[in-house]
**Student:** 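Just passing along the structure, written as structure tokens.
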Amino acid sequence: MVYTAAVITVSDKGYQGLRQDTSGPALCRLLEAHGYQILYTATVPDESDMIQKELLHCCDKLHATLVLTTGGTGFSPRDITPEATLAVVERLTPGIPEAMRAESMRITPRGCLSRSVAGIRRRSLIVNLPGSQKATQENLLAVLDPIAHGLKMLLSEGSANCGG
């Protein structure tokens with residue numbers, strides 16, 4: 001099955017054209033290499049209402065199966081992507097960011113500082129990723145295979161034969 005995806009870069013400097021986004025395009029390439037169809041990409045500033053608006057657009061209008069954000073997951077006062085995501089998800093999927101942090105901790109002790117969250121809105125899975133291209137790819141690769149199974153369950157009408 002081909003899943004659809006959207007990638008939202010959250011960056012004040014990227015939105016203002018002061019920094020070239022490398023994380024968003026790298027995520028798109030990685031997703032396409034794993035068979036995902038990219039429906040949409042966007043760059044927004046670290047503003048909760050704008051992040052929420054993009055997430056809602058991707059989930060409710062485009063019906064993207066997987067919505068990834070990159071950026072805004074750290075400790076900076078402007079890093080509010082997790083809070084914006086929590087405002088729109090209906091069900092949390094805490095195992096995804098837990099697995100990403102665990103993998104990050106194998107690479108750097110600072111991996112525990114990620115505030116990424118993940119959750120489901122309707123039939124879309126939203127996952128927050130870090131802003132750096134390297135960390136974004138490492139985090140996504142840590143969970144991409146389990147996510148595919150989760151998307152199968154999300155799109156099924158009942159069980160996805162998890163016990164079979």
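Numbering starts at 1 and runs along the sequence shown. Scope of the values below: all heavy atoms of this structure, side chains included, with no hydrogens, waters or symmetry mates.
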**Student:** Is there side-chain contact between Leu125 and Thr65, with at least one heavy-atom pair below 4.5 Å?
**Tutor:** no

**Student:** Can you check whether Gly131's main-chain N or O pairs, donor with acceptor, with Ser23's side chain at less than 3.5 Å?
**Tutor:** yes

**Student:** Are there over 12 heavy-atom neighbours, none belonging to Tyr40, within less than 6.0 Å of that residue's OH?
**Tutor:** yes

**Student:** Between Ile147 and Leu151, is any pair of side-chain heavy atoms under 4.5 Å apart?
**Tutor:** yes

**Student:** Is there side-chain contact between Arg121 and Leu56, with at least one heavy-atom pair below 4.5 Å?
**Tutor:** yes

**Student:** Strictly by salt bridge (Lys or Arg N to Asp or Glu O under 4.0 Å), give each pair with a member in residues 9-35 just once, sequence neighbours left out.
**Tutor:** Asp12-Arg78

**Student:** Do Val44 and Lys53 have side-chain heavy atoms sitting under 4.5 Å apart?
**Tutor:** no

**Student:** When the side chains of residues 80-96 are checked against the rest of the protein, which donor-acceptor pairs come out under 3.5 Å, sequence neighbours left out?
**Tutor:**
{"unit_1": "Thr81", "atom_1": "OG1", "unit_2": "Gly71", "atom_2": "O", "d": "2.9"}
{"unit_1": "Glu83", "atom_1": "OE1", "unit_2": "Arg115", "atom_2": "NH2", "d": "3.2"}
{"unit_1": "Glu83", "atom_1": "OE2", "unit_2": "Arg115", "atom_2": "NH1", "d": "2.6"}
{"unit_1": "Thr85", "atom_1": "OG1", "unit_2": "Thr81", "atom_2": "O", "d": "2.9"}
{"unit_1": "Thr85", "atom_1": "OG1", "unit_2": "Asn128", "atom_2": "ND2", "d": "2.9"}
{"unit_1": "Glu90", "atom_1": "OE1", "unit_2": "Arg122", "atom_2": "N", "d": "2.7"}
{"unit_1": "Thr93", "atom_1": "OG1", "unit_2": "Ala118", "atom_2": "O", "d": "3.2"}
{"unit_1": "Thr93", "atom_1": "OG1", "unit_2": "Gly119", "atom_2": "N", "d": "3.4"}

**Student:** Would you say Ile120 ends up clustered with Leu66 if hydrophobic residues are merged whenever their side chains have heavy atoms under 4.5 Å apart, either directly or through other cluster members?
**Tutor:** yes

**Student:** Identify the two heavy atoms, one from Pro97 and one from Ser116, that lie closest to each other, and give their separation to 0.1 Å.
**Tutor:** CB-O, 3.3 Å

**Student:** Among Leu27, Thr73, Thr9, whose side chain to side chain contact (heavy atoms under 4.5 Å, CB included) with Leu129 holds?
**Tutor:** Leu27

**Student:** Any side-chain heavy atom of Leu31 within less than 4.5 Å of one from Leu68?
**Tutor:** yes

**Student:** Would you compute the distance between atom NZ of Lys61 and atom NE2 of His63 and round it to the nearest 0.5 angstrom?
**Tutor:** 8.0 Å

**Student:** Between Ala64 and Ala5, which heavy-atom pair has the shortest distance, and what is it?
**Tutor:** CB-C, 4.3 Å

**Student:** Any heavy-atom pair between the side chains of Ile8 and Ile51 that's under 4.5 Å?
**Tutor:** no

**Student:** Are Arg106 and Glu103 side-chain neighbours, meaning at least one heavy-atom pair lies under 4.5 Å?
**Tutor:** yes

**Student:** Tell me whether Ile126 shares a hydrophobic cluster with Val7, the cluster being built from Ile, Leu, Val, Met, Phe, Trp, Tyr side chains joined at under 4.5 Å.
**Tutor:** no

**Student:** Would you find more than 12 non-hydrogen atoms of other residues, nucleotides or ligands less than 6.0 Å from Asp49 atom CG?
**Tutor:** yes

**Student:** Which atom pair, heavy atoms only, marks the closest approach of Arg101 to Gly111?
**Tutor:** CG-O, 3.7 Å

**Student:** Give a yes or no on whether Val67 and Leu140 share a hydrophobic cluster (residues Ile, Leu, Val, Met, Phe, Trp, Tyr; joining criterion: side-chain heavy atoms under 4.5 Å apart).
**Tutor:** no

**Student:** Got Tyr3 and Leu155 here, is their nearest side-chain heavy-atom distance under 4.5 Å?
**Tutor:** yes

